[in-house]
2 protein chains.
Amino acid sequence: MAKIKCQVDQCACSVCHVLQRSDWRVLAGDDLAILSSGVAMRHYRAGETIYWMGDANRGIHCVSSGLVGVRKIDAEGNSVLLRLGYPGDTLGYRSFLMGSEHKTSAETLEPTALCHVRPETVAQLLERNPSLGLQFLRRASDELEQAHHAIFQSVTLSNRQRFVHLLLVLARRHGRPRPDGSRTIRLPLSRGDLASMIGTRHETLSRIIGRLEADGVANFSGRLVHVPKLDALAEELEPGMAA
Amino acid sequence: MAKIKCQVDQCACSVCHVLQRSDWRVLAGDDLAILSSGVAMRHYRAGETIYWMGDANRGIHCVSSGLVGVRKIDAEGNSVLLRLGYPGDTLGYRSFLMGSEHKTSAETLEPTALCHVRPETVAQLLERNPSLGLQFLRRASDELEQAHHAIFQSVTLSNRQRFVHLLLVLARRHGRPRPDGSRTIRLPLSRGDLASMIGTRHETLSRIIGRLEADGVANFSGRLVHVPKLDALAEELEPGMAA
DNA sequence: CGGGGGTTTGAGTCCGTTCAAAATACGTGG
DNA sequence: CCACGTATTTTGAACGGACTCAAACCCCCG
């Protein structure tokens, strides 16, 4: 364990396998060296909490491998999964920049490796290289657009349509295409989390899944989904659909 | 008309009455002069469109006075008002930075004055002064947090609670406090737009308003609202409420 | 083999939607 | 200033979807 941790800790960011997909790709030379010196990688098991909503910010994280869930929870225990963090994604930059506590919680959904960047290092890099800030800005803009899209869909689409949309999104990331054009997806989420992402209860989602199977659009077996025709799914989102 | 327009056009940004509330407050000296030279103010009547969803970005706007609505619309005519733009707010920075078409439409909800900043000017300023990018980043982060909050509430709160929450927000901006502790609000929105902001239909909102009046929490007369006790409104959002 | 979390299913109820019509407010032109 | 037409808002009744509560089921893991 100590050995493994040590090995990855010594990895320089300049040779990171997700560097080109991450916000840090705008850095080079000395900046990359500074980043490396302020970074520590840590391995998480599935289901560990990275930070809690309400915690003070203690730097930002970069997903190296695995999968992270970002969620909001309230006092009654209501939990909504807001987005998923994939390798290359940055976590916690918002509370860092606003100088506020974390407004969301983050937890691992699979065994995950995260690189933690010390706050002083981030501040130093932002000052040295303005393009890093612009890169974060692009990320925030993109997330904002996605959030607006989600709000719009929650008003205009049915639960079934929203779930189909979510399935299509997950199919892109987690789906394995098959020679016959069908697709197999291993869902990284429980029914409860899937339900919260489309804004409904897990019981309702269960029934939606039942109807999807009855209609022959998709087959579910635990977290495994088989979609015979991806097009048939996509058609459910077309405007002017009956039945 | 021409005279008035001319007068405001000549206003330097350095003396702008909303400068200190705007993202441009991080600029000074030469930067402010550059900004001024790339800015043109325009007056809009209520209900005019500033840009359409799908339009190419042609620079960004700064609200000088009045009120702007940012919305998404789809082919079926569904319209959702996503947020309001007040004096000092910046519009269109997202599509500018992402180099994409506008993902939302913007329209005036009241007679409004907007300062348009040419794209080259924005690019030039972003390059000269990194703190402008960071300022935009803070704005985007803030909007993202608001969007996440809205998504969370749409899942966990009832229609009535969401409307009460919206009322409280609008009361802050548009409410006039009275000596006896009550408050009068002139709503800047139609029932349809209010309904879309909480994710429901205008008929449903009408009934919610009816119940609010029956419960003595607020009185509605057209776009005028009278709230006897603001605390009574706020209590509706407390967890563990019955009835 | 016995938990225990996650998932499915069931029945009843409530809330929100839909379609329709009436009532009210608003802007325009006479 | 009033009459008129239009848009917005309110109200009604019926329907349907989603929620709640509850129980049964399943599967994974110790």
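None of the values given here were measured: they were computed from a predicted structure. Every chain is numbered from 1 and lettered A, B, ... according to where its sequence line falls, protein lines coming before strand lines.
At a cut-off of 3.5 Å, with distance as the only test, no side-chain donor of A/N78 or B/T156 sits close to an acceptor on the other residue.
Scored by the ring-ring contact (aromatic ring centres under 6.0 Å, His included) test, A/H149 finds A/H165 as partners (sequence neighbours excluded).
When atom types are taken as modelled, the side chain of A/D55 and the backbone of A/W52 share a donor-acceptor pair closer than 3.5 angstrom. Looking only at distances, a side-chain donor or acceptor of B/T112 sits under 3.5 Å from a matching main-chain atom of B/L67.
When rounded to the nearest whole Å, the span between CG of A/L81 and C1' of C/dG6 equals 16 Å. Here D/dT9 presents its P atom at 11 Å from CZ of B/F163, a figure rounded to the nearest Å. Here the P atom of nucleotide C/dT8 and the CG atom of A/L194 are 10 Å apart, to the nearest Å. Atom-to-atom, CD1 of A/I209 to C1' of C/dG6 comes out at 12 Å; the value is rounded to the nearest Å. With rounding to whole Å, B/L189 atom CG is found 17 Å from D/dA7 atom C1'. With rounding to whole Å, A/R191 atom CZ is found 12 Å from D/dC27 atom P. When rounded to the nearest whole Å, the span between CZ of B/R223 and C1' of D/dA7 equals 12 Å. In this entry the distance linking CG of B/D193 with P of D/dA7 reads 16 Å, nearest Å.
Geometrically, A/R173 engages A/Y86 in a cation-pi contact defined by less than 6.0 Å to the ring centre and at most 45° from the axis.
Note on A/G192: only backbone sugar-phosphate atoms sit closer than 4.0 angstrom, heavy atoms only; bases stay farther off. Within the nucleic acid shown, A/S206 comes within 4.0 Å of at least one base atom, counting heavy atoms only. Among the heavy atoms of the strands, none lies under 4.0 Å from A/G210.
Among residue pairs with one or both ends in residues 182-206 of chain B, those qualifying as salt bridge (Lys or Arg N to Asp or Glu O under 4.0 Å) are B/R71-B/D193; sequence neighbours excluded. For the salt bridge (Lys or Arg N to Asp or Glu O under 4.0 Å) condition, the pairs that include at least one residue of residues 141-158 of chain B, sequence neighbours left out, are A/K72-B/E145, A/R94-B/E145, B/R83-B/E143. Applying the side chain to side chain donor-acceptor pair (under 3.5 Å) test to pairs two or more places apart or on separate chains, none has a residue in residues 218-234 of chain B.
Taking five base pairs at each end of the helix from C/dT8-D/dA23 to C/dG30-D/dC1 and finding the rotation axis that steps the C1' atoms of four pairs onto the next four gives two axes whose angle is 50°, to the nearest 10°.
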With sugar-phosphate taken as primed atoms, P, OP1 and OP2 and all else as base, the protein-contact string of nucleotides 15-20 of chain C at under 4.0 Å (heavy atoms; B, S, -) is -SBBB-

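Here B/E236 does not pair with B/R162 in a salt bridge; the nearest charged N to carboxylate O distance is not below 4.0 Å.
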